[in-house]
Number of protein chains: 2
Amino acid sequence: MDPNCTCEKCELKSLFFQSVSEEELFNVCNNKKENEHKKGDLIIAEGSVIKDFIYLKSGLVKLYKTTRDHEQILKFAGPFDFVSILNIFSHNKHQYSVMALEDSVTCHVDFAEVRNMVLENGVFAHGLLQKMGQVSDSIIQESLQIRRHNLKGRVAIVLLYFANRVYEKDEFELPLSRKEIAEYIGKTTENVIRALSDFRKSNIIKIFGKVIEIIDKERLERLSKFG
Amino acid sequence: MDPNCTCEKCELKSLFFQSVSEEELFNVCNNKKENEHKKGDLIIAEGSVIKDFIYLKSGLVKLYKTTRDHEQILKFAGPFDFVSILNIFSHNKHQYSVMALEDSVTCHVDFAEVRNMVLENGVFAHGLLQKMGQVSDSIIQESLQIRRHNLKGRVAIVLLYFANRVYEKDEFELPLSRKEIAEYIGKTTENVIRALSDFRKSNIIKIFGKVIEIIDKERLERLSKFG
DNA sequence: CGCGGCTTTGATGTTCATCAAGTAAAGTGG
DNA sequence: CCACTTTACTTGATGAACATCAAAGCCGCG
């Protein structure tokens, strides 16, 4: 094993574990590319040709789709997420764009190599099927959840998502603009701001620009369930 | 090959084609079960344990999720659709219910057998990855499309979907109640009815109970794009 | 034949989008 | 580094879209 290869330590390996031989891993490792992206960088452009299997090593990104006049955000993805997994076997072009919300590092493995591994390694293929099911299910379930709620409920869901799932703290800096929250929950920017102001006036949260502090989490959770 | 086995002629075979050996197909064929379902029958209950890989041979079904007070329809599926594919590798329980909207026939293959084929047959696994990507993408894209439109636009999309994609005729019997349309597009039953009445008054469609005749398809298409 | 669910229409109120206008923050070029 | 421009944020006012409530007719089914 090449001592310069860091794939041994990569989280990606957990997906490959028990399935990819040393030889295969070595091959992947020597042909992979790691890219660094600054906050705001476009990582994948919708409509571009799929060449690589792309994995997010660190950071935070948004998956979104651009239509005539505005953008719709599908999902936020963090480490361990296979950003391109949904389309890679069924389309030759990316169906969604991916942009870095925080400085991020992606790992790119040539798609042909991944396909070969699928064809030759059933355990690996099975792992991909599992992962793909998880990703698609999370998008679908979140979308249905959002749809069931009104403005305040939707904003509450977003705040709790970042507090609980991303930062695991009740005070955090929102990696999103108000506009991006709106694009995720399907409401207007103004009304997202109004909901946040409302939460502030009701002493549910404190707002310092992009920094949010959740004061009354119980109430926010009630809103996220019944609002 | 068992002469009683009809799998040779099954559309499922196209997925397996070039990949499943005669022996494997014979095995699948002898262990498969075919079920007939009347319109309105529950085929899969959300939360039930996944035992089979389920394929819709004929008919029409809805995939939906039940929440405290109402249902949300995810997708309508017809022949060639793998109704359980999204969850089968990532969950042990069904995440969505499936109900027959028309008399339908499903084919059930034991999941353990499908998994074995994935593990041992890379081409088969690759085919599943492709299919799964298509299914998840269709749900996501449709959901985003619906979200971009107002009431009338959404109803127009549904009518055109059944006219163009399901029945391939401009006069057809809606397999859905008004309530189900509402559950799919995320509006109330009353407003779905109002949109339909509006289309009728504007001479875009004719309504005979469940039977819809599209008179002015161009206008309906404009609504489905810009409404 | 009567009950319950589906359909339809109308009236009313709520939620939210849009428009407008101003402030704050962040990027840009001299 | 500062003036300048642009983009993000915020609040208010208004109207449109839509949910809710109510009532009545229709249909299928036990």
Side-chain angles (χ1 to χ4, degrees), chain A residues 38-41 62 67-73 99 101-102 146-159 173-202 205-212 223 226-227, chain B residues 38-41 62 67-73 99 101 146-159 173-202 205-212 223-224 226-227:
Chain A
K38 288 275 167 208
K39 179 176 176 142
D41 284 355
K62 64 171 178 179
T67 60
R68 38 190 162 111
D69 50 351
H70 70 305
E71 291 176 358
Q72 292 180 288
I73 296 179
M99 182 177 285
L101 294 174
E102 294 178 348
I146 289 286
R147 257 176 50 174
R148 282 196 297 274
H149 292 84
N150 62 17
L151 173 65
K152 286 185 198 171
R154 294 183 189 191
V155 174
I157 288 169
V158 172
L159 295 181
E173 184 176 341
L174 262 181
L176 305 172
S177 66
R178 314 295 196 242
K179 184 152 163 279
E180 285 170 316
I181 297 176
E183 286 165 353
Y184 179 61
I185 67 172
K187 298 282 168 187
T188 58
T189 309
E190 293 96 319
N191 282 323
V192 167
I193 289 166
R194 270 185 263 269
L196 288 171
S197 298
D198 191 285
F199 291 169
R200 178 173 45 72
K201 285 173 197 158
S202 313
I205 62 172
K206 285 185 182 171
I207 305 178
F208 316 95
K210 295 244 178 207
V211 175
I212 302 286
L223 278 163
F226 305 110
Chain B
K38 288 276 167 207
K39 178 174 177 146
D41 284 355
K62 62 172 178 179
T67 60
R68 36 191 164 111
D69 49 350
H70 70 303
E71 290 176 359
Q72 292 180 289
I73 296 178
M99 183 177 284
L101 294 173
I146 289 285
R147 253 177 53 174
R148 283 196 298 273
H149 292 85
N150 62 17
L151 173 65
K152 286 186 199 172
R154 294 183 189 191
V155 174
I157 289 169
V158 172
L159 294 181
E173 183 175 343
L174 262 181
L176 305 172
S177 66
R178 313 298 197 240
K179 184 152 163 280
E180 285 169 319
I181 297 176
E183 286 165 352
Y184 179 61
I185 68 172
K187 299 280 170 189
T188 57
T189 309
E190 293 95 322
N191 281 324
V192 168
I193 289 165
R194 270 185 263 269
L196 288 170
S197 298
D198 192 285
F199 291 168
R200 179 173 44 74
K201 285 173 197 157
S202 312
I205 62 172
K206 285 185 183 171
I207 304 178
F208 316 95
K210 296 248 177 205
V211 175
I212 303 287
L223 279 164
S224 79
F226 306 110

Student: Base, sugar-phosphate, or nothing: which does B/R154 touch, judged by heavy atoms less than 4.0 Å apart?
Tutor: nothing

Student: Can you check the A/H70 NE2 to C/dA17 C1' distance for me, whole Å?
Tutor: 12 Å

Student: Could you check whether A/R194 pairs with A/E190 (Lys NZ or Arg NE/NH1/NH2 to Asp/Glu carboxylate O, under 4.0 Å)?
Tutor: no

Student: Could you check whether the side chain of B/E180 and the base of C/dC6 have a donor-acceptor pair of N or O atoms closer than 3.5 Å, going by distance alone?
Tutor: no

Student: By the definition side-chain contact (heavy atoms from CB on, under 4.5 Å), identify the one residue from B/I181, B/I207, B/V211 that meets it with B/L174.
Tutor: B/I181

Student: What heavy-atom pair brings A/R178 and A/K210 nearest, and what distance separates the two atoms?
Tutor: NH1-CA, 4.4 Å

Student: Find the distance A/D198:CG to D/dT11:P and express it as a whole number of Å.
Tutor: 11 Å

Student: Counting side-chain heavy atoms from CB outward, which of D/dC18, C/dC16, D/dT20 is closest to B/N150?
Tutor: D/dC18

Student: Under 4.0 Å between a side-chain N or O of A/K179 and OP1 or OP2 of D/dA8?
Tutor: no

Student: Where is the tightest heavy-atom contact between A/Q72 and B/R148, given as atom of each residue plus distance?
Tutor: OE1-NH1, 2.9 Å

Student: How long is the line joining CD1 of A/I181 and C1' of D/dT10, in whole Å?
Tutor: 14 Å

Student: To the side chain of B/N191, which of D/dA8, D/dT20, D/dA19 is closest?
Tutor: D/dA19

Student: Checking contacts here: which listed nucleotide (D/dT11, C/dC16, C/dT9) is nearest the side-chain heavy atoms of A/I193?
Tutor: D/dT11

Student: Would you say C/dA25 has OP1 or OP2 under 4.0 Å from some side-chain N or O of A/R178?
Tutor: no

Student: Taking the minimum atom-to-atom distance to the side chain of B/R194, which one of C/dC16, C/dT9, D/dC9 wins?
Tutor: C/dT9

Student: Could you check how far NZ of B/K187 sits from P of D/dT20, rounded to whole Å?
Tutor: 11 Å

Student: Could you tell me how far apart B/I207 (CD1) and D/dC26 (P) are, to the nearest whole angstrom?
Tutor: 16 Å

Student: Report the distance from atom CG of A/L176 to atom P of D/dT7, rounded to the nearest whole Å.
Tutor: 20 Å

Student: May I ask you to verify if any side-chain N or O of B/K210 is less than 4.0 angstrom from the OP1 or OP2 atom of C/dC6?
Tutor: no

Student: Take the protein atom CZ of A/F208 and the nucleotide atom C1' of D/dT10, then report the distance between them rounded to whole Å.
Tutor: 17 Å

Student: Of the nucleotides C/dT8, C/dC19, D/dA19, which has the atom closest to the A/E190 side chain?
Tutor: C/dC19

Student: Over how many whole Å does the gap from B/L151 atom CG to C/dT15 atom P extend?
Tutor: 19 Å

Student: Looking only at side-chain atoms of B/S197, point me to the closest of D/dC18, C/dT9, C/dT7.
Tutor: C/dT9

Student: Once rounded to the nearest 0.5 Å, what's the spacing between atom CG of B/D198 and atom CG of B/L151?
Tutor: 9.0 Å

